[in-house]
Amino acid sequence: MQNKLDKQATIFVPVGRLWMGTGQAGCDDEKSQHDVQTRTFFLDRFEVTNLQYKDFVDATERRTPVYWQGGTFPIYKDDHPVVNITWEDARTYAEWVKKQLLTEAEWAA
């Protein structure tokens with residue numbers, strides 16, 4: 001079992017380079033293959049839990065995920081990752097905790 005301090009842990013990701021996109025014809029949803037450089041960033045080691053997201057919902061009166069009943073997550077699911085939220089909800093949560101979502105290139109790295 002992890003202690004509460006571990007949940008705040010982040011991973012340092014150094015500057016890097018990678019190829020993104022595809023060289024395949026007919027892939028309209030991707031740019032052609034190109035070289036991308038990422039900046040240094042930190043990545044949370046663990047997903048946002050239902051309990052952490054509930055603190056956000058309670059403080060901001062943001063809507064709850066659709067699977068929550070009565071304004072809260074299912075019993076015994078407090079340490080499970082929050083799911084079924086929109087990109088906008090995730091971005092707003094990240095801003096609330098003074099962080100930001102990763103870019104596509106950072107995810108790929």
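Residue numbers count from 1 along this sequence. Nothing here was measured: the structure is a model prediction, and the numbers come from that model.
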Counting only heavy atoms not in [X] (residues, nucleotides, ligands), do more than 12 fall under 6.0 Å from its [atom1]?
X     : atom1 : result
Phe12 : CZ    : yes
Lys54 : NZ    : yes
Glu88 : CD    : yes
Gln37 : CD    : yes

Legend entry - Qualifying residues under side chain to side chain donor-acceptor pair (under 3.5 Å), relative to Glu95, sequence neighbours excluded: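 Once residues adjacent in sequence are excluded, the partners of Glu95 under the side chain to side chain donor-acceptor pair (under 3.5 Å) criterion are Arg91.
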
If you take all heavy atoms of [X] and [Y], which pair is closest and at what distance?
X     : Y     : value
Asp78 : Thr49 : O-CB, 3.4 Å
Gln52 : Glu47 : OE1-O, 3.8 Å
Val83 : Pro65 : O-CB, 3.6 Å

Inset, instruction - Report the residues that fulfil salt bridge (Lys or Arg N to Asp or Glu O under 4.0 Å) with Asp55, sequence neighbours left out, ordered by chain and then residue number. - result: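 For Asp55 there are no salt bridge (Lys or Arg N to Asp or Glu O under 4.0 Å) partners, ignoring immediate neighbours.
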
Check for me, please, whether [X] and [Y] land in the same ILVMFWY cluster - side-chain distances under 4.5 Å, paths through other members count.
X      : Y     : answer
Trp107 : Met20 : no
Val48  : Val97 : yes
Ile85  : Trp96 : yes
Tyr93  : Leu51 : yes

Identify every side-chain donor-acceptor pair in residues 66-75 under 3.5 Å, counting partners at least two apart or on other chains, and give the distances.
from, atom 1, to, atom 2, distance (Å)
Tyr67, OH, Asn50, OD1, 2.7
Trp68, NE1, Asn50, OD1, 3.4

Inset, instruction - Check for a donor-acceptor pair, side chain of Thr10 on one end and backbone N or O of Asp44 on the other, with a separation under 3.5 Å. - result: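 Looks like no, no N/O pair under 3.5 Å.
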
Inset, instruction - Would you check if there is a donor-acceptor pair between the side chains of Thr92 and Asp89 at a distance under 3.5 Å? - result: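 Absent: no donor and acceptor within the cut-off.
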
Inset, instruction - Answer yes or no: is there a side-chain heavy-atom contact under 4.5 Å between Pro81 and Phe46? - result: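 They are not in side-chain contact.
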
Legend entry - Gap between atom CZ of Phe41 and atom CG of Leu102 - 0.5 Å precision: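 Going from the CG atom of Leu102 to the CZ atom of Phe41 covers 5.5 Å.
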
Inset, instruction - Supply the atom-to-atom distance Arg62 CZ to Tyr53 OH, rounded to the nearest 0.5 angstrom. - result: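 The CZ atom of Arg62 sits 6.5 Å away from the OH atom of Tyr53.
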
Legend entry - Stepwise side-chain contact (heavy atoms from CB on, under 4.5 Å) test for Val13 and Arg39: CA-CA 8 Å; Val13 182; Arg39 62 181 172 76; over 6 Å; no

